[in-house]
Q: 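Sharing a structure, written as structure tokens. Questions coming.
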Protein chains: 2
Amino acid sequence: MPRYNLEYPKGDRNTVNRYKHQAVYSLTTIHTIINTSPVLHVSFQPSPSDPFPVILPMIGQMGSFSRPSASISDTLECYLHGYVSSRIMNLAREEEASSTAGLPVCIAAAKVDGLVLTLTPNSHNYNYRSAVLFGYATLVTSVEEKLWAMQLITNSVVPGRWPETRVPPNAGEMASTQIVRVRIDSGSAKVREGVPNDEKGDLADAGVTGRVWTGVVPLYEQFGAPVPGPYNEVAEVPEHVRSYVQEVNAASKEYAEVAARKDAPVKKAEAGDEEQ
Amino acid sequence: MPRYNLEYPKGDRNTVNRYKHQAVYSLTTIHTIINTSPVLHVSFQPSPSDPFPVILPMIGQMGSFSRPSASISDTLECYLHGYVSSRIMNLAREEEASSTAGLPVCIAAAKVDGLVLTLTPNSHNYNYRSAVLFGYATLVTSVEEKLWAMQLITNSVVPGRWPETRVPPNAGEMASTQIVRVRIDSGSAKVREGVPNDEKGDLADAGVTGRVWTGVVPLYEQFGAPVPGPYNEVAEVPEHVRSYVQEVNAASKEYAEVAARKDAPVKKAEAGDEEQ
């Protein structure tokens with residue numbers, strides 16, 4: 001357990017202005033959402049003259065190269081591996097060359113944990129967990145840090161995968177792999193869990209409550225049985241894959257099922273902050 | 001079936017430059033990914049002086065108010081319902097007042113359909129579907145269009161849900177609900193499905209193939225059994241919920257299981273375009 005439950009300070013950029021009762025600034029919560037999302041959405045401005053920001057789906061993990069023993073609750077960097085475009089890599093390189101802080105990026109992740117079906121369309125909701133981080137992206141140039149980050153990211157796909165494959169990467173693989181490190185400036189999360197909420201007027205209307213089914217439909221990701229590929233020669237699915245599949249399946253289902261039965265979030269009165 | 005398989009024209013902004021063999025410009029593919037994603041990530045530039053773009057998780061659907069019978073393969077608008085922040089709404093309103101085309105936004109969705117575990121960390125991959133759209137956002141001000149879009153979005157959560165709830169929305173609900181319409185400028189998608197791919201050198205190394213398990217772990221979303229809420233008075237889970245849960249569960253699992261067994265994508269030789 002960390003000594004302190006650190007939070008990102010609330011600033012203009014990361015403060016949640018709507019449904020404040022669902023806002024979370026805890027590093028542990030935010031980093032956990034990021035680290036358990038198989039895909040992150042990363043946004044940046046391609047050029048000052050382009051009005052459109054770009055969003056790329058990327059794989060990433062929070063970690064600390066300088067303090068590898070740091071926990072999820074500590075201040076960490078976000079390491080990104082781009083499998084979609086090299087534009088972000090080029091931009092990060094240009095930014096670095098001009099000795100600025102790096103390319104400003106926004107990183108987002110969201111999971112839906114259940115459909116919250118209520119009496120009226122307006123009170124419908126999801127149980128969900130979402131996180132957003134703002135930070136400055138630069139290219140990782142040190143070989144040691146790149147290798148460490150490749151290992152971090154491979155082991156995020158399946159824990160313990162790295163040593164079970166052909167490693168270390170050869171010179172060509174090292175040269176063609178690019179890793180971006182994002183120094184985090186601020187972040188926030190929003191979490192909704194629990195049973196439906198409805199307005200008093202509808203709850204008091206027997207014609208409505210007698211006709212409309214209300215409840216939560218839990219939603220969670222599941223792994224199917226591993227499917228050996230055409231050139232696989234290893235008879236047994238290895239333990240690191242089997243145990244991960246079982247653990248994640250159980251934990252994902254458990255989270256959504258528990259969230260579906262919790263008390264609804266308590267709303268604090270705020271102008272324009274009705275839950276929906 | 002549509003008469004033509006329309007595609008978004010390739011321009012500077014939406015052309016996929018990496019893993020081109022996985023790029024798709026078909027409206028059907030792109031719109032289907034968007035419409036089957038429970039959450040979209042929407043990015044925009046909060047102000048010209050802010051270096052950071054912002055990403056918001058939002059609920060959205062492609063549709064056409066002027067041609068409600070339009071199919072998923074037609075040119076459509078994207079309707080967004082914001083449950084996170086009203087910043088995008090204010091910005092869209094300001095843009096509209098200044099009679100520009102609207103607020104430039106990027107909309108993204110991504111699904112992971114399986115973990116592709118290969119001989120080396122570099123050749124690891126996901127089976128996945130991702131889509132991105134660029135467009136101009138404006139606020140929906142007409143009552144008819146807003147009501148139509150609210151219905152479109154509610155029925156995207158569970159088809160047929162709208163008429164099974166207390167409708168129409170009352171005056172307060174109509175006033176507090178804001179819908180953004182995005183006129184699409186361009187878009188693209190990337191889809192990877194199939195068994196693992198590895199490099200010839202590793203495939204020829206019996207020390208590697210004899211030790212490393214290769215294959216795909218399918219990944220898909222599943223709904224749990226619907227959980228009635230504390231003030232529910234309807235004994236049976238209604239048919240529109242039950243049948244949707246069954247259909248989506250079967251289709252999601254089927255897609256990932258089939259994708260895990262397809263031939264690996266054929267790579268066209270491209271500089272810097274190795275699959276990984």
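Since the model is a prediction, treat every value here as computed from it, not as a measurement. Naming convention: chains lettered A, B, ... in sequence-line order (proteins, then strands); numbering from 1 in each chain.
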Q: Take E173(A) and T120(B) through the side chain to side chain contact (heavy atoms under 4.5 Å, CB included) test and state the conclusion after the steps.
A: CA-CA 10 Å; E173(A) 289 166 345; T120(B) 77; 3.9 Å; yes

Q: Examine Y220(B) together with Y220(A) and report whether their ring centres are nearer than 6.0 Å.
A: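 When the ring centroids of Y220(B) and Y220(A) are compared, they turn out to be at least 6.0 Å apart.
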
Q: Where on A235(A) is there a heavy atom nearer than 4.5 Å to chain B: the side chain, the backbone, both, or neither?
A: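 Looking at A235(A), nothing touches chain B.
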
Q: Test your reading of the model: is there a side-chain donor-acceptor pair from N232(B) to the backbone of T214(A), 3.5 Å cut-off?
A: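 Yes; judged by distance alone, with no hydrogens or angles, the pair exists.
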
Q: Let's test your reading of the structure: which of G194(A), G229(A), P218(A) forms the most heavy-atom pairs below 4.5 Å with chain B?
A: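 Among the listed options, the one with the most contacts to chain B is P218(A).
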
Q: Run the side chain to side chain contact (heavy atoms under 4.5 Å, CB included) check on F223(B) and L115(A) step by step: do they pass?
A: CA-CA 9 Å; F223(B) 288 117; L115(A) 313 181; 3.6 Å; yes

Q: Is chain A contacted by the side chain of V227(B), its backbone, both, or neither, given a heavy-atom distance below 4.5 Å?
A: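 Both the backbone and the side chain of V227(B) come within 4.5 Å of chain A.
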
Q: For chain B, which of G207(A), G215(A), A206(A) has the most heavy-atom pairs under 4.5 Å?
A: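 Most heavy-atom pairs within the cutoff with chain B belong to G215(A).
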
Q: Once you round to the nearest 0.5 Å, how far does OH of Y128(B) lie from CD1 of I59(A)?
A: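 One finds 9.5 Å between OH of Y128(B) and CD1 of I59(A).
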
Q: With a 4.5 Å limit on heavy-atom distance, are the side chains of R166(B) and D205(A) in contact?
A: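 They are not in side-chain contact.
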
Q: Starting at CE of M58(B), measure out to OG of S130(A) and round the result to the nearest 0.5 Å.
A: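 Answer rounded to 0.5 Å: 12.5 Å.
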
Q: Could you tell me the separation between the CZ atom of F44(A) and the CD atom of Q45(B), rounded to the nearest 0.5 Å?
A: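 Rounded to the nearest 0.5 Å, the CZ-CD separation comes out at 12.0 Å.
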
Q: Please report the interatomic distance CZ(F52(A)) to OG(S43(B)), rounded to the nearest 0.5 Å.
A: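 It comes to 11.0 Å.
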
Q: Under 3.5 Å, is there a donor-acceptor pair between the side chain of Y126(A) and the main chain of V39(B)?
A: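 Checked: no pair found.
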
Q: Rounded to the nearest 0.5 Å, what's the gap from SG on C106(A) to NE2 on H41(B)? Could you check?
A: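 If we round to the nearest 0.5 Å, C106(A):SG and H41(B):NE2 are 9.0 Å apart.
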
Q: Does any backbone or side-chain atom of P163(A) lie under 4.5 Å from a heavy atom of chain B? Answer side chain, backbone, both or neither.
A: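 Only the backbone of P163(A) comes within 4.5 Å of chain B.
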
Q: Measure distances from A256(A) to the heavy atoms of chain B and classify the residue's part below 4.5 Å as side chain, backbone, both or neither.
A: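 Contact with chain B involves no heavy atom of A256(A) at all.
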
Q: Under 4.5 Å from any heavy atom of chain B, what part of V241(A) do you find: side chain, backbone, both or neither?
A: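 Only the side chain of V241(A) comes within 4.5 Å of chain B.
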
Q: For chain A, which candidate among L219(B), D202(B), V167(B) shows the most heavy-atom pairs at distances under 4.5 Å?
A: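 The answer is L219(B).
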
Q: Most heavy-atom pairs under 4.5 angstrom with chain A, which of A110(B), A23(B), G114(B)?
A: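 Of the candidates given, the most pairs with chain A belong to A110(B).
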
Q: Can you say whether A109(A) sits under 4.5 Å from chain B via the side chain, the backbone, both, or neither, judging by heavy atoms?
A: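 Contact with chain B is through the backbone of A109(A) alone.
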
Q: Side chain, backbone, both or neither: which part of R211(A) has an atom under 4.5 Å from a heavy atom of chain B?
A: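 For R211(A), heavy atoms of backbone and side chain both lie under 4.5 Å from chain B.
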
Q: Determine, stepwise, if the pair L119(B) / T165(A) fulfils side chain to side chain contact (heavy atoms under 4.5 Å, CB included).
A: CA-CA 5 Å; L119(B) 296 174; T165(A) 61; over 6 Å; no

Q: Which distance, rounded to the nearest 0.5 Å, do you find between the CG of N122(B) and the OG of S176(A)?
A: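 Rounded to the nearest 0.5 Å, the CG-OG separation comes to 5.0 Å.
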
Q: Who wins among P51(A), A225(A), G201(A), G210(A) for the most heavy-atom pairs under 4.5 Å with chain B?
A: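 Looking at each of P51(A), A225(A), G201(A), G210(A) in turn, P51(A) comes out on top.
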
Q: Kindly give the heavy-atom pair with the smallest separation between E257(A) and G224(B), and that separation in Å.
A: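 That would be OE2-CA, 3.9 Å.
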
Q: Select one option (side chain, backbone, both, neither) describing which atoms of L117(A) are under 4.5 Å from chain B's heavy atoms.
A: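 Both parts, heavy atoms under 4.5 Å.
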
Q: Checking heavy atoms, do the side chain of D263(A), its backbone, both or neither come under 4.5 Å from chain B?
A: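 Answer is neither: D263(A) stays 4.5 Å or more from chain B.
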
Q: Can you give me the closest heavy-atom contact between E164(B) and V212(A), atom names plus distance?
A: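 Between these two residues, the closest heavy atoms are O-CG2, 3.4 Å.
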
Q: Tell me which one of V245(A), V158(A), V237(A), V157(A) satisfies side-chain contact (heavy atoms from CB on, under 4.5 Å) with V217(B).
A: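 Testing V217(B) for a side-chain contact (heavy atoms from CB on, under 4.5 Å) against V245(A), V158(A), V237(A), V157(A) leaves exactly one candidate, V245(A).
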
Q: Considering only heavy atoms, which portion of Q151(A) lies under 4.5 Å from any heavy atom of chain B: side chain, backbone, both, or neither?
A: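 Neither part; nothing is under 4.5 Å.
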
Q: Chain B heavy atoms under 4.5 Å from V208(A): which part of the residue, side chain, backbone, both or neither?
A: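 Side chain of V208(A) only, per the 4.5 Å heavy-atom cut-off to chain B.
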
Q: Determine the option with the most heavy-atom pairs under 4.5 angstrom with chain B, choosing from Q222(A), E236(A), E233(A).
A: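 Of the options given, most contacts go to Q222(A).
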
Q: Tell me, out of D185(B), L203(B), V132(B), who's got the most heavy-atom pairs with chain A below 4.5 Å.
A: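 Highest number of heavy-atom pairs under 4.5 Å: L203(B).
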
Q: Y231(B) and side chain to side chain donor-acceptor pair (under 3.5 Å): which single residue from T209(A), D198(A), T118(A) fits?
A: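 Result: among T209(A), D198(A), T118(A), D198(A) is the only option passing the side chain to side chain donor-acceptor pair (under 3.5 Å) with Y231(B).
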
Q: Set out, in order, the CA-CA distance, both residues' side-chain angles and the distance that settles side chain to side chain contact (heavy atoms under 4.5 Å, CB included) for H124(B) and R161(A), then state yes or no.
A: CA-CA 10 Å; H124(B) 274 61; R161(A) 182 68 186 162; 2.9 Å; yes

